[in-house]
Amino acid sequence: MSSNAFRFPDVEFTPELKALQQEVRDFLAAEKASGGFVPVADGWGFGVDLEFSRKLGQKGWLGMTWPKQYGGHERSSMERYVVTEELLAAGAPVSAHWVADRQSGPMILKNGTEEQKKTILPRIAAGECHFAIGMSEPGSGSDLASLRTTATKVDGGYKINGTKIWSSGAHFCHYMIATVRTGGTRDEKNRHEGLSQFLIDLSIPGIEIRSIKNMAGDEHFNETHFTDAFVPDDCLLGEEGDGWHQVTSELGLERSGPERFLSSAIVLTEAARKIGNEPDDREALMLGQSVARLKSLRRMSLGVSGLLQEGGSPTVEAALVKDIGTRYESTLLNDIRQVQPTEPLGQSTDDFARTMAEGLLRVPSSTIRGGTNEVLRGIVARQLGLR
Amino acid sequence: MSNEDNLIVDAATRIFQDMSEPGVINAAEAGEWPTDLWNTLEESGLTLAWGDEALGGAGVDMLDGFALLKTAGRFSVPAPMADTLLAAWMLSHAKLQMPTGPMTIAPTQAEARIAISADGVLTGTARHIPFGRNADHIAVLARDGDKAVVALVKRADCAIRENINLAGEPADEVSFDGAKAIATASAPDGLDEAALVAMGAAVRSMQMAGGLEKILDQSVQYSLERSQFGRPIGKFQAVQHGLAELAGEAAAAGAAADAAAEAVSRKGGLGTGALAEIAAAKTRVGEAATRGAAIAHQTHGAMGFTYEHSLHHATRRLWAWRDEFGNESHWAIMLGRMVAARGADELWPFVTGD
């Protein structure tokens, strides 16, 4: 009988995956021991370390699933999953390359020209070329299709005008994939038409990047202004007018990974260190509840990865996991606080006090970035036949 | 674990659709044994799914048995399906021959002890025995001194004090004093009261996962049928968001219950290997039951609070089952102690099951 219940395939961990997992764990332990990185809460969102990104490129852990001819390593999406979840769990500073590896590279691989693939993908895989997201605008957040930035056809290319906002890391990134309007109108009926994506070199004239400091003190967000910024024809990514379809699949990539519930995993680990081997009932309850929630999330997330591996497009499943995962994240730190009191200190050398401080100030973004939970529940509701 | 393309699940679904409908469930709560349902299940061999074939059972794969239990949970089957499967599992481990007819198990708390003498006479009382009054036989984990013994006891030889759980299912107190077992065998290594309760927790987790799927479907359907302010309530964003959250809880519960079922299937349910997955499942599924049932009732409004509407068949079972064989905090504390004992650097490997 038919049911509305979502199903996630069971993913078997092969000995090869286990071996890779161990290899990553050994690498991270050695790096941490030698001062190669200091654990950070929400390291995929905020932990920028260009050198560490390069090291991962050298290990062959970026662009893992891409063809070798473009600098990739032709490994499975499960292998990529294993590497990413280990980096996240360890609180490694992986923010610099995260967007490029997760979504920009795959978008170029899927929609780009041969020239775009050849020139850009190998640099991403080497950990030397970073991307900013160009979706939101000052007046267009959850309602992305209302965006106003335009690309106007001129001789030999396009002129871009408008403002992209948030664009995390744009100040150090080399490129942005920007979704802009090349035609159509913003009215209710046709707003999904006339959108296009461009691969924009952020160093060209006509682009001004202004930092927006976030409440955690991170220099992370930016406002990226385009004023008659000229991009040649070959900067169009994919088909002109196919931008909505493309950006929807880009969001699928953005939402599907384990970062949506592992941003604060390092804080839980450090709390366990404080608690020690003999917890009282309250401490054990918190640890047990958190680990139980994490385990079920991970199983679902692996299922999403399994669906991707099968060539599926698990947009709804990814939305569902992100909704539950980010809600878990937003309660986790408070659950920890109740049983392991600390005064969170941003500059502490104590990993628990410091990662707690980082986590508390960054976690409000969890249920917003990449699609608010309200938007995600709308996607799930549509699948349930309610819209 | 997949529910699709599973012949056993298909067969069970057909039976439950015909014979475990709301009228039968209400009648069972009023004390009427579902004769047709039970006889059909028994004839199909499903009730002894976990019984070893050589001992008179159906010899069904553990995972298929769990899939069957999820389906039974979906349909709020008002008979000791899960409990007979558990008894058959226990008898198989002890290499005892299966009787026919409904069975149940005892004890259902890890700290409970029932004594058995060398000549097979039992002493002790077990509380909260599911379907105690309906069982022909009870598979008992008893102690001869320190030695764990599996004993098969006729219910007619025991004294029953009736009670019911939140769902109106029998949850009886059974006094074994003076009852003589009709068969006994030493329990194999690893089969003790705690292992029996852990297996019960894995089973209830799977039944609850089925119940959550049921109330998701009922709630979605109801929200599209019930109109207020000129449109189906399912068109209101607030209602949609609740149902999306319910879908998430059902999915998380399914994932957790499946993980426990697979661990049990790999390790036969004995030993500590499956314990972490079972503890995680009972914890997470119990949470999902609480939140999920609340959303389902909120969606159904006053209608879902009536006895006439069938929503309570699943929700009351969810509330009963989340407390049976250890509630969420019992298992979370056990899990937390396991995590802490391994140490902080092993927390993540613990999550990944290494």
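Please read all numbers here as calculations on a predicted model, not as lab measurements. In what follows, every chain begins at residue 1, and chains take the letters A, B, ... in the order their sequences are listed.
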d(B:H241 NE2, A:N373 CG) to nearest 0.5 Å is 9.5 Å
One thing to verify: whether A:E278 and B:R337 come together as a salt bridge, which I'm taking to mean a side-chain N less than 4.0 angstrom from a carboxylate O. no
Can you find a heavy atom in the side chain of A:R25 that is under 4.5 Å from one in the side chain of B:T352? yes
Cut-off 4.5 Å, heavy atoms of chain A, and the answer for B:E287 is side chain
Relative to chain B, which of A:S290, A:A381, A:G288 shows the most heavy atom pairs under 4.5 Å? A:G288
Looking only at non-hydrogen atoms, find the nearest pair between A:A292 and B:A280 and report the distance. CB-O, 3.6 Å
Largest heavy-atom contact set with chain A, pairs under 4.5 Å, which of B:G248, B:S223, B:A256, B:G242: B:G248
From the list B:A252, B:P232, B:S329, the residue making the most non-hydrogen contacts under 4.5 Å with chain A is B:A252
Looking only at non-hydrogen atoms, find the nearest pair between B:A255 and A:M300 and report the distance. CB-CG, 3.7 Å
Pairwise side-chain contact, A:Q21 with B:D354, heavy-atom cut-off 4.5 Å (strictly under): yes
For B:D217 against A:A5, the heavy-atom pair lying closest together: OD1-N, 4.2 Å
Pairs of heavy atoms under 4.5 Å with chain A: top-ranked of B:M334, B:R284, B:E249: B:R284
The interface call for B:V339 against chain A, heavy-atom contacts under 4.5 Å, is side chain
Looking only at heavy atoms, what is the nearest atom pair of B:A247 and A:V380, with distance? CB-CG1, 4.2 Å
Salt-bridge criterion met for A:R7 and B:D258 (N-O under 4.0 Å): no
Any donor-acceptor pair under 3.5 Å linking the side-chain atoms of A:R387 with those of B:Q240? yes
Correct closest heavy-atom pair for A:L287 and B:A340 would be CD1-CB, 4.1 Å
Option that, when pairs with chain A are counted at under 4.5 Å, heavy atom only, ranks first among B:L347, B:I333, B:L335: B:I333
Does B:E262 come within less than 4.0 Å of A:R299, counting only side-chain N to carboxylate O? yes
Roughly how far, to the nearest 0.5 Å, is CG of A:N4 from CD of B:Q218? 11.5 Å
Any idea which of A:I324, A:N277, A:T269, A:L302 has the most non-hydrogen atom pairs under 4.5 angstrom with chain B? A:N277
A:L268 versus chain B, the contacting section by heavy-atom distance below 4.5 Å: both
Can you find a heavy atom in the side chain of A:R377 that is under 4.5 Å from one in the side chain of B:Q237? no
Under 4.5 Å from any heavy atom of chain B, what part of A:R327 do you find: side chain, backbone, both or neither? side chain
Under 4.5 Å to a heavy atom of chain B? For A:L384 that would be both
Segment of A:E374 engaging chain B (4.5 angstrom heavy-atom cut-off): both
Check each atom of A:K18 against the heavy atoms of chain B and say whether the ones under 4.5 Å are side chain, backbone, both or neither. side chain
Does CD in B:Q298 sit with more than 12 non-hydrogen atoms of other residues, nucleotides or ligands closer than 6.0 Å? no
In terms of heavy-atom pairs under 4.5 Å, which option from B:A250, B:G343, B:A279, B:A259 contacts chain A the most? B:A259
Please indicate whether B:E111 has more than 12 foreign heavy atoms, meaning atoms of other residues, nucleotides or ligands, lying under 6.0 Å from its CD. yes
A:L386 versus B:K235: any side-chain heavy-atom pair under 4.5 Å? no
State the NE2-CG distance between B:H330 and A:D281, to the nearest 0.5 angstrom. 11.0 Å
Tell me, for A:R273 versus chain B, whether the close heavy atoms (under 4.5 Å) come from the side chain, the backbone, both or neither. both
Distance only, no hydrogens: is a donor on one side chain within 3.5 Å (strictly under) of an acceptor on the other, for B:W348 and A:E85? no
When the 4.5 angstrom heavy-atom criterion is applied to B:L243 and chain A, the contacting part is both
Greatest number of non-hydrogen atom pairs under 4.5 angstrom with chain B, of A:I275, A:L294, A:L285, falls to A:L285
